[in-house]
Structure formats: C-alpha cells, structure tokens
Amino acid sequence: MKPVYALFDCNNCYVSCERVFQPYLRGIPIVCLSNNDGCIVARSNEAKAMGIKMGEPYFKIAAQCDRLGIAVLSSNYSLYADMSQRVMSVISECAPASEVYSIDEIFALLTGMPGNLGEYCRQVKDKVLQWTGIPVSVGIAGTKTLAKLANRLAKKSARAGGVIDLAGHPEWIDSALKRVEVGDVWGVGRRYAVRLIELGVRTAADLAEKDDKWVRREFGVVLARTAAELRGTVCHDLETQPQPRQSCCCSRSFGDATGNIEHVAEAIREFSQTAAERVRNEGLVAGHIQVFASTNRFRQDVVHGTMSASAPLAPATADGARISKVALALVRGCRTFEKGCEWTKAGVLLTDLCGKGAVKRDLFTVADSRRSDALMSAVDAVNSRFGRHCVGLGLSAPEAGWRMRRERLSPGWTTRWDELPVVR
DNA sequence: TCTGGGGTCCTAGGACCC
DNA sequence: TCTGGGGTCCTAGGACCC
C-alpha cells in the first residue's frame, strides 16, 4: 500500500500563540524575538508584507518597527511549548501514527485511511483552530519531503484554503515541483542552494530530474535521499518513537557582557543545573561535560576569545550538585580566561548520555546514592510547581547582568497561576 | 549599545591495531 | 634508495533542520 504522509505546520507559530491570549494583536503587524531580544524569529503576515526579514537582528530594525507600528514581543518559550503540546495532542488523536517533528510541525501517517484525505485534513485543521486557537496548514503526499513541499504551497496559495493534497492528485506533482525554488526544498540549505544554482539546478523539479549518482557524487548521500523523496521514493520513514537524545546543551547570550570570571562561573553554574534537569526529565545520565564561553563574534573592535574545557563524569550522572561542581571547577581551572576578554555568551554541553539503568560501574567509583536521587526528585518537584530556579544550588540574583534581556515578555498565560488572564 | 538556542547526521582524516 | 594492507574507532568540521 502506498504510504501517505500529512505535514501539519502551525502558521507563524509564535505570533499565533501570542494572539490567542491578546486578541488585539490580530490583524496588526507583529514579530517575536529570539532569546535576549536578539533576532526576529516569527512574523505575522502583515509584518512579512512590510518586508521584515526572518533572522534579522532586532537592534537594526527597532526604529523601523516603531515607525511602522509593529508590535514586538520577547520570546515566551514556556507559552509556545504549552500551546504546541495542545496542538500536537489534537492532531495525533486524528491519525493512527504521528511524529512530532518540531515545536510547530507534526507528521501524521494517513496510509490506508478511507475517503478524501484532503477533506479529512481540512476538518482536523478546523478542529485545531477551534480547540486551541492556532491556525495550521497541511501538506499531503507520498513522502515527507513532498508533504513539506505541499505544505509550503498550501501556506502561499489563496485558493488552497490551507490544505494541498498531492497524494490524492499525483497529476499536480510536476507543476508543484516547478513552482518551488531549490533552496526552499526541505534538506537543501543555503550552501547547497548556492552550489546547485551554479550547476543549473534551480527548482525542486530540476533536482528531482538529476541522476542519483551525480547528486551522490557532488553532494553526498543526504541530498541524494532528498532528491529521491522528491521523485516519490520514501527515504525518511515516520519516527513514531522519539529517539533518546545524544546530547543536551544549555547556553545563553548575556544581557550585558562581563569581564569578570565569577559572573561567567555563576551563569555556568545555573546552566549546568538546567541541563542536568533536562537530562533527568528524560531518565538519562551524562558521561561527559563541556563548558564554554565566547566573546561577541560580530564585533571587530574588541578582543576576541573562546574558552572551553571538558571532563568525563564517572560514573555517569544527572545529579545537578555533582554536575555543577564539576562545571565550576572547569571554569575556574581554565587559563584562557585570563586574557581580559568581555564575555557575552556561555554554555554547558552534556554528552555520552545513556539510560539511568545502563550506567557502567567499576570497583573504584560510587554510583549516585539514593540520597542524591531523593534530593534531585525534591528539587524537580518544587521547581515544577513554583517555577524553574525556585530552588537550586548557589542561585544567582534574578537581576544579574548576565541574564538575558526579555524586555517585552508576555505573561505565562497557560503555565503560571499568578499570570492567569483575568476576565472582567 | 544592541546579532538565538538546540539538535542531528555524514565525512574525512588521524591514531591505533594486527 | 626506500616505506603493506586492511580494519576500527574517535574527533572535528561542515552541512542540515526547527
């Protein structure tokens, strides 16, 4: 039986999440910023029409936003994650199998389902809007890559009404491929796009027509799979069971640069506990830790520097106390810190992750004790109820200069009791 | 003055082994 | 004048995704 994939994708995801709880933002241009109020990461259709570009540093267009009356919001990831969960749960109940692909996308497997799948997906889309307030678009096709492409066209087409079904209309595939630039194909990034265009491959249709051996030789096996998927050959199956992650990184840009190693250490102490908490939440432990910091890579007029230090964690652990102790020791033992740099970013990377039950032990190491497990469970319980960093080891002041800027943050409408919307 | 964060996979090259 | 062959493992770097 021919496989059928549907890709559901939230329209302007973060903007739509904000609009659910601030209806006065509907119909006006609005953008959402990345962490530290750095870059534009989401735009409403009105903002797109005004020429606001994705990924643009905010400081460069702040005045323009002001002049054009564009509403600007700091990123509120706890809101977006919560809204995402609601959308995903509605859609996943409408299909026999599904794969959450990102915060705003989910693949649903519709293989063998009876009836008009385009019509069915339109009903699911309406249900998502009614139940969560989030508008979605849908692309349906025989491979994931084609479903992505169909979704892209569904978003742009006024006639499609948010749904394009290439599985039900294989005769549309050729013209669909011709209408999509090669750089907009899922799996073709900026570098590949430049080279492909130099080689005369301009559209998805051009890429699909290329000889498999040629693509493999010039670009490797990954792009060869993408090209095959455009021809209708499934190379990327649905991953219904999320694979256990291999690494966990917590890094942040600082609100204010600092030359003080103790400030960097403070940040890293907190990031290491956040990373440990994420790893614990997934029942994993880490066997290796790396800490790093860097200066502002964009500025020409300052001393540039990077520091990085790493150490094994033996036995592997997710104990925030142990991990933050090692992290601090790594920072303080790092010589490159002595160069008089202004640090603007730091982070912690946990790797060699494995299941908690699979920890290797030897005669000379002691596994995490039951006391450590109990302590971490208590910490997680308190923080889950009262907010992250409510309790922790050596916590820093909320107003510490290294903390990220979030000057236009909306309330935690769905995740914090004290920020619930009030109905009058 | 101000430029995000968090992932994965593939490949090439070096170290090391027999 | 001259330097094997074949394999594995690890790491760094480069590409991609959202």
Side-chain angles (χ1 to χ4, degrees), chain A residues 7 9-10 12-14 31-42 53-65 72 74-77 80-81 84 88 99-107 144-145 148 151-152 182-196 215-226 229 235-236 239 242-257 271 274-275 278-279 282 288 290 292 294-302 308 310 312 342 344-353 401 403-408:
Chain A
L7 175 69
D9 188 326
C10 303
N12 311 333
C13 184
Y14 301 165
V31 297
C32 296
L33 304 178
S34 63
N35 273 341
N36 215 28
D37 292 347
C39 299
I40 310 290
V41 291
K53 296 216 174 55
M54 182 69 174
E56 187 84 335
Y58 174 56
F59 76 88
K60 288 189 180 171
I61 58 161
Q64 187 188 359
C65 289
V72 180
S74 298
S75 63
N76 185 343
Y77 281 102
Y80 311 150
S84 167
M88 300 308 170
E99 171 193 341
V100 175
Y101 177 68
S102 74
I103 194 164
D104 68 338
E105 289 167 275
I106 177 171
F107 286 104
K144 283 178 163 181
T145 305
K148 285 281 266 186
N151 187 293
R152 183 176 187 86
V182 75
D184 291 332
V185 172
W186 186 44
V188 180
R190 213 181 313 153
R191 304 289 177 116
Y192 283 3
V194 169
R195 268 187 63 207
L196 282 163
V215 180
R216 202 170 283 247
R217 192 178 61 239
E218 295 290 331
F219 294 91
V221 65
V222 178
L223 193 69
R225 285 186 199 133
T226 294
E229 285 236 322
C235 299
H236 303 297
E239 288 181 20
Q243 296 300 306
R245 66 155 103 215
Q246 300 167 23
S247 66
C248 176
C249 180
C250 178
S251 72
R252 294 278 179 281
S253 293
F254 296 160
D256 298 317
F271 300 162
T274 301
R278 287 183 196 155
V279 167
E282 295 174 32
H288 196 89
Q290 183 187 353
F292 55 90
S294 58
T295 53
N296 188 334
R297 66 185 203 277
F298 297 100
R299 284 185 56 177
Q300 307 296 324
D301 57 332
V302 297
S308 156
S310 66
E342 288 289 303
T344 55
K345 180 177 177 164
V348 173
L349 177 65
L350 298 177
T351 52
D352 290 5
L353 303 187
R403 285 196 190 284
M404 66 175 169
R405 264 187 302 276
R406 297 170 99 183
E407 285 166 3
R408 298 149 177 274

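Labels below follow one simple rule: chain letters A, B, ... track the order of the sequence lines, proteins then strands, and each chain is numbered from 1.
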CA sep, side-chain torsions, deciding dist, call: A/E407, A/S74, side-chain hydrogen bond (donor to acceptor under 3.5 Å, both in side chains): CA-CA 7 Å; A/E407 285 166 3; A/S74 298; over 6 Å; no
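Nearest nucleotide to the side chain of A/R225, out of B/dT3, C/dC18, B/dC10: B/dC10. When distances are taken from the side chain of A/V41 to each of C/dC16, B/dG4, B/dT3, the shortest belongs to B/dG4.
Look at A/K148 and you'll find a side-chain N or O under 4.0 angstrom from OP1 or OP2 of C/dC18. Distances shorter than 4.0 Å separate none of the side-chain N or O atoms of A/Q243 from OP1 or OP2 on B/dG7. Between B/dG4 and A/S251, no contact under 4.0 Å exists linking OP1 or OP2 to a side-chain N or O. Between A/S34 and the phosphate of B/dT3, there is no side-chain N or O to OP1/OP2 separation shorter than 4.0 Å. The side chain of A/R405 contributes no N or O atom lying less than 4.0 Å from OP1 or OP2 of B/dG4.
Summarising the geometry, the separation between CZ on A/R191 and P on C/dA15 is reported as 5 Å, rounded to the nearest angstrom. For the pair A/R406 CZ and B/dG4 C1', the interatomic distance rounds to 12 Å; values are reported in whole Å. Rounded to an integer number of Å, the gap from A/M54 CE to B/dT3 P is 18 Å. In this structure, A/L350 places its CG atom 17 Å from C1' of B/dT8, rounding to the nearest Å. Nucleotide B/dG7 holds its P atom 17 Å from the CD atom of A/E105, rounded to whole Å. In this entry the distance linking CD of A/Q300 with P of B/dC2 reads 13 Å, nearest Å.
Note on A/Y58: nothing from the nucleic acid sits closer than 4.0 angstrom, heavy atoms only. Counting non-hydrogen atoms under 4.0 angstrom, A/R278 reaches the backbone sugars and phosphates but no base. Here A/F219 lies out of heavy-atom contact (under 4.0 Å) with every strand. Backbone-only engagement by A/N296 is indicated by non-hydrogen atom pairs under 4.0 Å involving sugar-phosphate atoms exclusively. Contacts of A/V185 with the nucleic acid, taken as non-hydrogen atoms under 4.0 Å apart, involve only primed sugar atoms and P, OP1 or OP2. Counting non-hydrogen atoms under 4.0 angstrom, A/S75 reaches nothing in the nucleic acid.
Here A/S102 contributes atom OG and A/D9 contributes atom CG; the two are 7.0 Å apart, rounded to the nearest 0.5 Å. The structure places OG of A/S84 at 12.5 Å from OH of A/Y77, a figure rounded to the nearest 0.5 Å. Considering OH of A/Y80 and CD1 of A/I103, their distance stands at 9.0 Å, rounded to 0.5 Å.
Scanning both residues, A/S251 and A/K345, for their nearest heavy atoms gives OG-CE, 3.9 Å. The shortest non-hydrogen separation linking A/L196 to A/V188 is CD1-CG1, 3.8 Å. Minimum interatomic distance between A/R405 and A/G255 (heavy atoms only, all atoms of both residues): NH1-O, 2.6 Å.
Judged by distance alone, with hydrogens and angles left aside, the side-chain atoms of A/E229 form a donor-acceptor pair with the main-chain N or O of A/H236 at under 3.5 Å.
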Nucleotide pairing, DNA chain B (Watson-Crick or G-U, distances under 3.5 Å), in dot-bracket with [ ] and |: ....||||||||||||||
